[in-house]
Structure formats: C-alpha cells, structure tokens
Amino acid sequence: MSPSVRLQEMIRVIRGARTQGEERGVIQRECAAIRAQFRQADNGTRSHNLAKLLYVHMLGYPAHFGQMECVRLIASPRYNEKRVGYLGAMMLLDEKQDASLLITNSIKNDLSHSSQYVQSLALCTLACMGSAEMCRDLAPEIDRLLRASNSYIKKKAALCAVHMVRKVPELGELFTPAARSLLSEKNHGVLHGAVVLITELCERNPDTLEQFRKAVPELVLMMKGLVMSGYSPEHNVAGISDPFLQVRILRLLRILGRNNDTASDAMNDLLAQVATNTDSSKTAGSAVLYETVLTVMDIKSESGLRVLAVNILGRFLLNNDRNIRYISMTSLQKIVQTDHNAVQRHRGTIVDCLKDQDASVKRRALELSLALVSAVNIRSLMKELLLFLSSCPPELRAHTTSGIFNAAERYAPSQRWHIDTILHVLTTAGGDVRDETVPNLIQLITTATELHCYTVHKLYRALITDISVQSLVQVACWCIGEYGDLLLRGECEETEPVQVTEDDVLDALETVLQSHMSSPATRGFALTATMKLSTRITHNVDRIRSIVSIYGSCIDVELQQRAVEYNALFKKYDHMRAAVLERMPVIDKSSPGHTNGESAGGTIKELEPTKLTQEIVFPQEPSNQVCDLLDLLGGSGEPFQPSPSLSSTAPGPASSTAGGDLLDLLGGLDVTPAPPSVTVYEKNGVTLKLQTDTQTDTGMTVTLTATNSTDGDITGLTLQAAVPKSVQLQMKAPSGDVIPAHGLGQVTQTVLLNNPNKVSLKIRVRVCYTSQSSVCQDTVQIDSFPSTAW
Amino acid sequence: MMHFLLLLSRQGKLRLQKWFTPVTEREKKKVTREMTLMVLARPPHSCNFLLWRDLKIVYKRYASLYFCCGLEDQDNELLTLEVLQRYVELLDKYFGNVCELDIIFNFEKAYFILDEFLVGGELLETSKTAVGIAMEEAETLQEVTHTQSLKCDTCPNISICFFFSLNRQWRSI
C-alpha cells in the first residue's frame, strides 16, 4: 500500500472510533509507530509520517517529538520532504521553541536555492514564525530577493520583510530603498506586498513617513488606474478591479495624508472619485467605500468631501445587510466627537437599530446613542433608551444603566424628570446598577426639597409592589424613614396621594426587615428607617420600640449593633432622640464621606467623614511625613528622597504640614481637611505635587504644582499627561513656565479628568524643563490617587 | 494583520488552524475553545463581526464549516469577508466542489493553498488564477522529485503505487 494512502487510512480509522477512549488508543498506537519510524534511517516514508503526526496534532494531542524530525526534513534535498518539513515547522515550532533556531541555516540555504518553490517555502516559513534573531540574520538575504528576483519571489519577500520589520523595527531602514522601487512594478501581488511593506515602515518611523509622502502622486495614479480600468478577469471581484489592492492603497494614503495639508490636497480628487463611482451593491464595493470614508475622515479633507463621507455612512445605516449597518455605526462612533451635528442627523435610524435582533448591532447602536445624547434630545432619546433597557440582552444591561445615569446627570431637564428616570431604571433593571446609585439617588432626593412628598409617595408605591430589587428597596426605606410624615399626611400636589395609616407603613418596613430576599444592607436601611419614624409618627411608638428591642438579639452583628444603640436611644437618651433623628441636612455632592458606598442613613455615621479623610491622607504620604518629622526632630540629614537639596526645600510649607501632621498624630481632629496632595516627582530640585480638588462620580479635577528649590530659575517647564483609553483628559493652561528659584514661587496647572467607565485611573506625566541650561525630561506614573473614590 | 485563521466544524472540531503570531500551545487551545463557543452560538443571519479581547473577529459559515479569523483594529472587516470568500473559491477550484471531507483528508493540501494565499497575516496574492497555477507547478515539482527518488529504490511495489497516486493527482486537476 502506498504510504500516502496510509495517511488517509489512518484518518479514516481515527474518525471511525466510536468513543474518545477508542480514538485515544488508535492515536497512541500510531504515535508509537511514528516515533519508531523517526528513529530509523531514511526510508522514504518520513514525510508521510510527519503528515500523520500533524493530523494528530490538529486533533489536540501532543506532538512535540516531531520537532526534530521537522528540522531533519527541512534539510532534506527532496522537495516533497522539504514541503512537509516546513509545514511541520510552522505548526509545531514557534520562536519560543529552541529547535526553531536550528532551521535558520536551512532557511538561509533554501533562500538561495535554484528552484523558486523551495525559496518560497523558506520565505513563507520565515514570515510565519521567524524570531527576532533569525530576522536579523537573514534580513540582507531578503533585501537581495526584494531587488533581484521574479515577481513570484518578490511578493513573498515583501511580506517576509513586513514580518521582519514588525519583529525588529530597526530593520526598516534596510528595506526602505527596495520598498520604494517596488512601487513601479506591474504585478498586482508585488504591488500589494509593496504597499503593505510601505504602510508598515511609515507607521513605525516618522522620517520614513516624510520620505514616502513624495510617493502620494504615484499612489493616486495607481488607484485611479484601478478604478477606471476595464474588466480584468484575473482581478475582478463583483465589478471592482482588485478591491484588495484598492483598500490597501487607501489605507496607505490615510497614513500619508494625516496631519499634512499638501498630501491631503493631492488625494482629494481621487477620494471624491472613488466615493462617487464605486458600486456598493456587493461587499467588495462596500469594503472599498468603507475604507474611503475612513480615509476621508482621518486626513485634512475639504468639508464637501467630509459631508459626502458622512452621507455614505448614512446610506450604509439604511442598508439591509447587518454587516454594513454594523460597520457604519462603528465609523460614526469614531467621528461623533468631531462631526457631532452630522451624526445627529441620523439619530432616528441609529435609535431604530436598538431594536435590531442582532446582539452586535444592538451594542453598537447603544454606544452611539449614548454618545448622541444632548440637552436638546434628552427627553425623546431617554424614552428610547428606557424602552431598550426593558428588552436588552443581559450582558448590555450594566452598561446601559450606567450610560443612562450619566446622561441623566448631565442633561436632566428637571429634577422631577431626573428622579423619575432613575426610579424607572431601578424598577426595570435594579439588579444591574452600580453600588453608588443608591447614595447618589438619595443625595439627589435631598436636594429636590419641593419634591419630597412626590418622591416618598412614588417610592412607597414601588415598595409595596415589589421588594426584590435591593437598590430600590434601600432608597425607598431611606425615604420613608426621612419623609414618613409627608406620606402619612395623605396629601400631595404632584401625584395622587396614598391613604395610609402608621401601621401600614410600619408593616411595609417590617416586611422588608423579615424578608429573606433582603440583603443585610437593606435590612439595615429598614431598621434605621423604622427608628426614624419614631419621631415622625404619633401613635405607634411602642410598636417601634418592640421591633427595635427584638433586633437587639439578631444574629447579624450590624443589625444587632444598630438595634442596641437605638434601644439605648429610647431608654437612656430619650431626651436626645428627637434631635438625633431629625431631618437630615442636604448632602453636599462633593464631600468625601458621601462617596462611601455604604448606607448614608443614620446620623451617627455622619460624623465619620471628616475623620475618615484625615486617616486616608496618612497612608498616601508616608515618606513625606517621616522626612518632615525627621526635620522637626532635628533630623539626621539622611536623604530619604533622592535629591539632597530637599533639606533646603522651601521651609514654609514643609514645616506647616509637618506641624499639622504631628498635631494629628497627637490625636487632634482637624475639622476642615486640606485637600490631599501627593508628591509625584522630585529630582534636580524640582518637585511636582498632585492635588485632587473636586470629585464627582465620574470626574476629577487635579492640580499639578511644581516648585523649585535650586539656586537658578527653571525655565521652559512643560507638563504632558497621558491616561488610559476610556478616560478623557483636558489640560488647562499652566500658570506659567518659569519656576523661580529657592521655592519663591510655583507653577500650577489644572487637569480635568472624566472617567465615565470608572476604570482604575492611572496617569502618566511627562515633565520637561531646562535647569542650569541643560534640558531634562522625565516621566512618572501615578497609580493611586489621594482619594477614596476609585 | 490577521492574528489567526481557524476552520471549525459544526460540531466544534478544528479542521485547520493557522496562527500568525507566536502563541503557546495552551493559549492556542484556549483561544480555539473560546472561538468555538462564541461563533457556533451565533444565530443564522446575524452580523458576521464580533469584538473579542482587543481583536475584531470576522467569521463566515460555508456549509458545515465556520471560517473564523481575528483581526487588528485597523483592518477592514468587509474586506476580510472577501478574503475568506476568495480562499473558499480557491479550495473549490483545487478540489472540485470542495466539501468538509476534502479538507479533512487532504489537510496538508489545504495548508499549502493557504500558504500561497496568506503569508505573515497579510494577503499575498490578489489574482484568482495565480494561486492555482503556483499549486499546479509545485505539485508537478513534487511528482518529478518523487519519481527521481523512487528510481533510486529497488522495491517493485512502489512503482505500482506511484501509478495509482499519479492517477489520483490528475483527477483532482
């Protein structure tokens, strides 16, 4: 039987195995036979054995013992053995394996082989799994092949060069001249490879980019040729001549035209021509149009062209094909910040896509809708978003709720609307909202003083309907506790009042307390609310007293503690009860204690926030403190900081903070906490401090302060900052760029950060300055902020 | 740049895998498993594009096989659909009405065709006919060297087998 048929026979046997165990048995036998064969001398069946091993490998079984066989086969003079050997190398070896280095020499020899098919095997393998060392070794060979060989080899060499540049960027300089000359080739394969290579070179090296800008007219001509050419059977796809090459040329033009007026001007006509003449009824045409639109939006194109591009995207939005709608929304997302009005025109269609069946399309539509929210369309858009929330897939719910809250916070037309919206979200998807929603909503309710009656009525109704959504129940309990008297009064202007008795209200709260659906935090809310009602109702105070005393022996320690304290309030401190449980003052949104996710109820907790801030300042500045302490205690002068001139740091601020810190250590309570500040950079006498000024749920204002303790002025100070992708950064103008010497003055710069996705915030700051006529540049990364928010 | 190309059967079996970035065996298995779960769970007529980790996944179903590839951010998804279409056409031309069994029993040929079409994660040849021509010539070279090597051997049976294998080759062209 021919050895090759045995491969197919083996496959048939494996596929015929009825159980996993049977298959494993067959494969173990075959692998043993293969291993035995590998150990034997050359018998003409090596390539078939390796092929069998590769099949076994694809099924998921270990095949590492074939690695050396690959190396041997690659070195064989026979083409069929080389072919399978190289295939094995690509499948079993990668740059992490040691054996991959062994094939470097074989590849080198094969690159100069007389047969172009052997050369191509070597090129293909090198481009697939060549390590950095192999690339460095063989780069000159590739350069030679790029210049002097036939088109079959040239196109492979071009892609091999692309791989090399990706692995070892310095090799880019070696390939640049050859790449330039390849642009004049006629063969489409070679042209395609050349364009890919040039794209890679330009992306990595700005100088090369400058050089290749001169090639823009040539590229434009090439593109025009493709667009205007007649039917070519070899390259035609659905009426477009070589869409693959067209898309790559457009992508290269995009990189060349970015931020450059001359290059962009040279392309304008071409892009307009492609945009208008390309037939987009099939995918190939749409792909070319898509790339054209991306290019137009990225370069400095004239406004007419931009309008054309957005219109194309609008047309795509109405297309029946889901793929086209998806990519149109992806592109619109990219330009929604810059061309906001243009995208707003298509809001209706985008909102319709929210109702699409497909999960990918829904996600895109959601992102885009959230980006399109503005003060003008907030009411109508919110209606759509709330409708979407009731039917959206579970993986999108958390994102939708947070998006809705952000939008509501920014553009709420009235407080009542805001409260209604949040309540609606809580009733629909209360399980998917973030923890901060509860305190945020409570804070919002306290500020809307004229709506207290309305709110408590709504919440009471929601509570008696359903107590399973924890966040809603927590807010409802808090409100009933706070504004129970308004509820009992039985009159309300904004909504139909409920006629309840005190017993009904207490029943509702007790149901929450006793229900197994309530989380411990919720029960805490309910207990405190019950307690607060003792000053707001008149008849049933005894009932409250008994509830509270029962929970004095509750297993949950938190509830037990509360109940015991409230009991004490009833017994020993009854004279204080009214004062302790009176109406809460309006909570200030930016107070540090507010962002604590725990329950905001209970006035006993209220005194904590200020003390908490002080405690938090401590761990952030240990080194600062210790050094200041040392200074105060007549320090040993041991440098804790790298710069020795720190001991002569402006004495004023240092000693006051040191004094303040020492006082705090001795147990004093500073009632007005200074905004926490952290030293992030100290070198050459330049100190950079970071201070958090204001904080909201998703934003933060940070002030960077630079001081100078050297003898000479620091000039040319610039600060640059970088943040993670989803965070938005805005740097205000600095107060100056000269820091006077001896700490006599300072430079401040305010930075606004917006973190809508609440990712962990890191900021990298680059400091550049000239000190004593030498330019210094440093980068620092700040991972933790002097705050409790994130 | 394409990071990987996987061919998955309807039952979740891997029929072809090509990785264009260095990935450990464990990671390959993990990615394959995740792709299988994600792509096979998609209802028919849904969008062919997905987002996964930091890659764009483009998949297309042809009969019982799912062609699935991972792209970088700047790659054109619609064009990749055309690339997958072209690869299937090439397989079809080579095998003559290709079906999953052809790819199972002749997987090494499928790889050879892929290597004439995609290299280093990028498209190598845009012409419809060039890949087929290259494959034919490579096959011829293979047969020629095989014959030459066989002439040196003395085993009588193999010449008959060679005749059989040659017949098989001509039929597929």
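To find a chain, count down the sequence lines: A is the first, B the second, and so on, and within it residues start at 1.
With hydrogens and angles left out, the side-chain atoms of B/Asn106 and A/Gln8 include a donor and acceptor closer than 3.5 Å. A donor-acceptor contact under 3.5 angstrom links the side chains of A/Glu23 and A/Tyr61, judged on distance only. Side-chain polar atoms of A/Arg325 and A/Thr330 form no donor-acceptor pair below 3.5 angstrom. Looking only at atom types and distance, the side chain of B/Tyr87 has no donor-acceptor partner in the side chain of B/Glu82 under 3.5 Å away. Of the N and O atoms on the side chains of A/Asn236 and A/Ser241, not one donor lies less than 3.5 Å from an acceptor on the other residue. With 3.5 Å as the limit, one finds no donor-acceptor pair spanning the side chains of A/Glu81 and A/Ser47.
Note on B/Arg53 versus B/Glu27: salt bridge recorded, some NZ/NE/NH1/NH2 to OD/OE distance being below 4.0 Å. Classification of B/Lys18 and B/Asp115 as a salt-bridged pair holds, one side-chain N sitting under 4.0 Å from a carboxylate O.
Interface remark: B/Leu114 contributes no atoms to any contact with chain A (heavy atom separation under 4.5 Å). For A/Tyr55, the parts sitting under 4.5 Å from any heavy atom of chain B are the backbone and the side chain alike. Interface remark: A/Gln246 contributes no atoms to any contact with chain B (heavy atom separation under 4.5 Å). For chain A, the nearby part of B/Glu25 is the side chain; its heavy atoms alone come within less than 4.5 Å. In this structure, the portions of B/Phe105 lying under 4.5 Å from any heavy atom of chain A include both its backbone and its side chain. In this structure, the portions of B/Lys128 lying under 4.5 Å from any heavy atom of chain A include both its backbone and its side chain. Residue B/Val83 touches chain A through both its backbone and its side chain, counting heavy-atom pairs closer than 4.5 Å. In this structure, chain B has heavy atoms under 4.5 Å from both the backbone and the side chain of A/Met91. For chain A, the nearby part of B/Arg42 is the side chain; its heavy atoms alone come within less than 4.5 Å. The part of B/Leu81 that comes within reach of chain A is its side chain, from C-beta onward, which places non-hydrogen atoms under 4.5 angstrom from that chain.
For the options B/Leu50, B/Thr21, B/Thr32, B/Leu51, heavy-atom pairs under 4.5 Å to chain A are most numerous at B/Leu51. Highest contact tally toward chain A, considering only B/Asn48, B/Leu123, B/Thr129, is held by B/Leu123 [criterion: heavy-atom pairs under 4.5 Å]. The most heavy-atom pairs under 4.5 Å with chain B, out of A/His188, A/His192, A/Gln357, A/His163, come from A/His192. The greatest number of non-hydrogen atom pairs below 4.5 Å with chain B, out of A/Val361, A/Thr283, A/Val162, is found for A/Thr283. No other option in A/Val247, A/Leu59, A/Val288 has as many heavy-atom pairs under 4.5 Å with chain B as A/Val247. Of all the listed residues (A/Asn323, A/Leu159, A/Ile11), the one sharing the greatest number of non-hydrogen pairs under 4.5 Å with chain B is A/Asn323. Between chain B and the residues A/Lys82, A/Glu291, A/Arg254, the most heavy-atom pairs under 4.5 angstrom are made by A/Glu291. Options B/Lys29, B/Arg86, B/Gln142, B/Gln17 differ in how many heavy-atom pairs under 4.5 Å they form with chain A, and the most are formed by B/Gln142. Options A/Arg166, A/Arg248, A/Met129, A/Glu200 differ in how many heavy-atom pairs under 4.5 Å they form with chain B, and the most are formed by A/Arg166.
With a 4.5 Å cut-off on side-chain heavy atoms, A/Leu54 and A/Leu92 count as touching. Residues A/Leu396 and A/Lys362 have side chains in contact (heavy-atom distance under 4.5 Å, counting atoms from C-beta outward).
Aromatic pair B/Phe67/B/Tyr59: ring centres not closer than 6.0 Å.
Counting all heavy atoms, side chain and backbone alike, A/Ile255 lies closest to A/Cys202 at CG2-CB, 4.2 Å.
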